[in-house]
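Below: the structure, in structure tokens.
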Amino acid sequence: MSGYDRRSNGERIATFAAVRASLTPLGYQRVSIGTGAPSGLTPPVGARLATIQAEGANIRYRDFGGAPTASIGMRLLSTSTTQEYVGTLSAVQFIAEGAGAFLNIAYYG
């Protein structure tokens, strides 16, 4: 997955995750994701990358200010493998497309 950086002129540019051998595991979180209101993450201090996996139902996310809905946002399929997310971990929001959704998240710094 990608994250975003800002240039000195304020322009947003996409950045892409790269796994580095120097990353240190910082923790794991399992979050129940509902269909009514978006949920966020609680990353540990120093986390720079998260590996995320949808389970139980498809999940959508947005990380640039607007809240996701069940039909708007980047889609995480519950049948997919894990995906990397690099960005502002405390700003990303998730919402489920259906009942019974969970996110499994491993944090690295």
Side-chain angles (χ1 to χ4, degrees):
M1 275 199 245
S2 65
Y4 296 94
D5 281 334
R6 290 208 184 266
R7 292 186 174 157
S8 59
N9 67 359
E11 178 184 6
R12 286 170 35 126
I13 57 171
T15 57
F16 295 91
V19 176
R20 297 172 215 27
S22 63
L23 291 174
T24 303
L26 296 177
Y28 169 82
Q29 182 181 19
R30 181 173 170 91
V31 180
S32 176
I33 304 296
T35 58
S39 299
L41 302 178
T42 308
V45 173
R48 299 182 294 149
L49 179 141
T51 302
I52 58 176
Q53 177 188 45
E55 182 181 333
N58 296 334
I59 295 173
R60 295 201 181 245
Y61 76 91
R62 290 178 78 181
D63 63 353
F64 49 89
T69 69
S71 60
I72 297 173
M74 300 299 292
R75 197 173 198 206
L76 299 172
L77 301 177
S78 63
T79 57
S80 295
T81 59
T82 61
Q83 297 184 37
E84 293 178 359
Y85 178 83
V86 176
T88 305
L89 295 172
S90 59
V92 65
Q93 297 179 61
F94 300 89
I95 197 162
E97 291 183 3
F102 291 90
L103 271 182
N104 296 304
I105 309 112
Y107 294 102
Y108 301 87

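Tyr61 and Tyr85 have perpendicular rings, their planes meeting at more than 60° on a 0 to 90° scale where under 30° would count as parallel.
The two residues Ser78 and Gly56 have their closest heavy-atom pair at CB-N, 3.9 Å. Residue Glu84 comes nearest to Leu49 through the heavy atom pair OE1-CD1, 4.1 Å, listed as atom of the first residue, atom of the second, then distance. Closest approach of Ala67 to Pro38, counting heavy atoms only: CB-CG, 3.8 Å. Between Ala101 and Ala57 the shortest heavy-atom distance is CB-CB, 3.8 Å. Here the closest heavy-atom approach between residue Ser39 and residue Ile33 is recorded as CB-CD1, 3.8 Å. Across all non-hydrogen atoms, the minimal contact from Leu23 to Arg48 is CD2-NH2, 3.0 Å.
Rounding to the nearest 0.5 angstrom, the gap separating the CD atom in Gln29 from the CG atom in Leu41 is 5.5 Å.
Side chains of Asp63 and Met74 form no contact here, defined as non-hydrogen atoms less than 4.5 Å apart.
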* Please lay out, stage by stage, how Ile105 and Leu89 fare under the test side chain to side chain contact (heavy atoms under 4.5 Å, CB included). => CA-CA 11 Å; Ile105 309 112; Leu89 295 172; over 6 Å; no
* Evaluate the criterion side chain to side chain contact (heavy atoms under 4.5 Å, CB included) for residue pair Arg62 and Ile72; output intermediate values, then yes/no. => CA-CA 8 Å; Arg62 290 178 78 181; Ile72 297 173; 3.9 Å; yes
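The backbone N or O of Arg30 lies less than 3.5 Å from no partner atom in the side chain of Asn104, so there is not a single donor-acceptor pair. Put simply, the side chain of Thr69 gets close to the backbone of Ser71: a donor and an acceptor are under 3.5 Å apart.
Arg60 is linked by a salt bridge (Lys or Arg N to Asp or Glu O under 4.0 Å) to Glu97, counting only residues two or more places apart in sequence or in another chain.
When the side chains of ILVMFWY residues are joined at heavy-atom separations under 4.5 Å, either directly or via intervening members, Val31 and Ile59 end up in a single hydrophobic cluster. Cluster membership check: Val92 does not share its hydrophobic cluster with Ile95, using side-chain heavy-atom separations under 4.5 Å among Ile, Leu, Val, Met, Phe, Trp and Tyr. Residue Tyr107 is not grouped with residue Phe102 when hydrophobic side chains (ILVMFWY) are merged at heavy-atom distances under 4.5 angstrom, including chains of intermediate members.
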